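A, B, ... follow the sequence lines: proteins, then strands. Residue 1 opens every chain. A quick note: this is a predicted structure, and the numbers were derived from the prediction, not measured.
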Protein chains: 2
Amino acid sequence: MSELAEDGTSTSGGEAGVTRGGRRGDLFDPTCATRKLLDRIGTKWTSMVVKVLAAAGELRFTELRGRIPGVSQKMLSTTLQNLVADGLVARRVEHTVPPRVFYRLTPLGDSLEVPLAALREWAERHMPEVDAARADVRRAAES
Amino acid sequence: MSELAEDGTSTSGGEAGVTRGGRRGDLFDPTCATRKLLDRIGTKWTSMVVKVLAAAGELRFTELRGRIPGVSQKMLSTTLQNLVADGLVARRVEHTVPPRVFYRLTPLGDSLEVPLAALREWAERHMPEVDAARADVRRAAES
DNA sequence: CAGCATCCCCCACGATACTG
DNA sequence: CAGTATCGTGGGGGATGCTG
């Protein structure tokens, strides 16, 4: 297994620093697959959508909304579009009146659910410790 | 980084008072330990720092910088502070001239590395499929 | 060397309104 | 019902300069 796969990116160098005047279509990409993935699942609702779909199998837009408290329809829509574009979620439309749209995980999405579930388990198991550590630091900083 | 200090504890004279703007009804989902975690590791450099520290054991600030292409001093500093505050990274200072500061994973941080590595493996294995799906969608949208 | 302080840009996200 | 279009904002994050 290869580790440290990321190449240099050459952030410093001749061609960087165009940032200030405004640049078009740049690619700042370090080709780090993990970071790209984390950028995706790190967006606020993505992991939750995946989780809910993994648990429920197939859901309609509104059902999804109902199971994800606090999400706006815009963000749910955007999140789903991204997931569909990424090939993680399949979208099925029934052209009735009113229309019904179903979402479910693709096999790829299902395979992502595995490491994601592991992360969830870690979170539920260890986040209390993290919070305790934070509280600790806060107290130390105040005195 | 996300917030986390919703408890006021305004030490009169301190700098609490996050109340500006007044957010109502936050704290929705009970299952969002995961989301909090993803907010953390979803920040641009966190997972990379954890990875590098997991591989190297203990590193100084500059060494860390050298192994994470593209990171700015400010963001590395911020990231490390958060990781230390979260109890995932330990900070050790040698009060010499010039000073030397070492960072290494705590046992807690090490335990996080496990699911994180699983996620990395998924990414390296399946991100090509994700990218292919994206390209596919693009082509479909163009015609 | 390690790291704050400052400025500023960009974009994820929320609220609201409208459509097929 | 299942979205799109538009506007506004907070804060993540890059660049640069200064300090102990």
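- Of the candidate nucleotides D:dG20, D:dA2, D:dT4, D:dA2 has the atom lying nearest to any side-chain atom of A:R100.
- One interatomic measurement links the two molecules: CE of B:M75 to C1' of C:dG3, which rounds to 14 Å at whole-angstrom precision.
- The separation between A:L83 atom CG and D:dG3 atom P is 13 Å, rounded to whole Å.
- Regarding B:D39, its CG atom lies at a distance of 18 Å from the P atom of D:dG10, rounded to whole Å.
- Summarising the geometry of A:Y103 relative to A:L53, their closest heavy-atom pair is O-CD2, 3.4 Å, with the distance given to 0.1 Å.
- For C:dC1, neither phosphate oxygen OP1 nor OP2 lies less than 4.0 angstrom from any side-chain nitrogen or oxygen of B:R60.
- Between B:N82 and the choices B:V84, B:L80, B:T78, the side chain to side chain contact (heavy atoms under 4.5 Å, CB included) rule is met once, by B:T78.
- Distance A:N82 CG to C:dC11 C1': 13 Å, rounded to the nearest Å.
- Among the protein residues, B:R65 comes within range of no part of the nucleic acid, since none of its heavy atoms lies under 4.0 Å from any strand.
- Atoms NZ (A:K44) and C1' (C:dC11) sit 14 Å apart, rounded to a whole Å.
- Residue contacts for B:F102: at a heavy-atom cut-off of 4.0 Å it reaches no nucleic acid atom on any strand shown.
- Nearest to the side-chain atoms of A:V101 among the listed nucleotides D:dG14, C:dG3, D:dA2 stands D:dA2.
- The CG atom of B:L80 sits 11 Å away from the C1' atom of C:dG3 (whole-angstrom rounding).
- Among all heavy-atom pairs drawn from B:L105 and B:V50, the shortest one is CD1-O, 3.9 Å.
- Of the residues near DNA chain D, A:P98 and B:P98, the one whose nearest nucleotide (by heavy atom distance) lies more toward the 5' end is A:P98.
- The two residues B:V49 and B:L83 have their closest heavy-atom pair at CG1-CD1, 3.6 Å.
- Using a 4.0 Å heavy-atom criterion, one finds that B:E94 contacts no nucleic acid atom at all.
- Atoms CH2 (A:W45) and C1' (C:dC13) sit 9 Å apart, rounded to a whole Å.
- As a whole-Å value, the separation of A:L76 CG from C:dA12 P is 17 Å.
- For D:dG3, its base never sits under 3.5 Å from the side chain of A:Q73 at any donor and acceptor pair.
- Shown here for A:K36 and B:M127, the closest heavy-atom pair between the two residues is CB-CE, 3.7 Å.
- Taking only distance into account, the side chain of B:K74 meets the base of D:dG14 through a donor-acceptor pair shorter than 3.5 Å.
- Contact between the side-chain N/O atoms of A:S77 and the OP1/OP2 oxygens of D:dA2 is not found at any separation under 4.0 Å.
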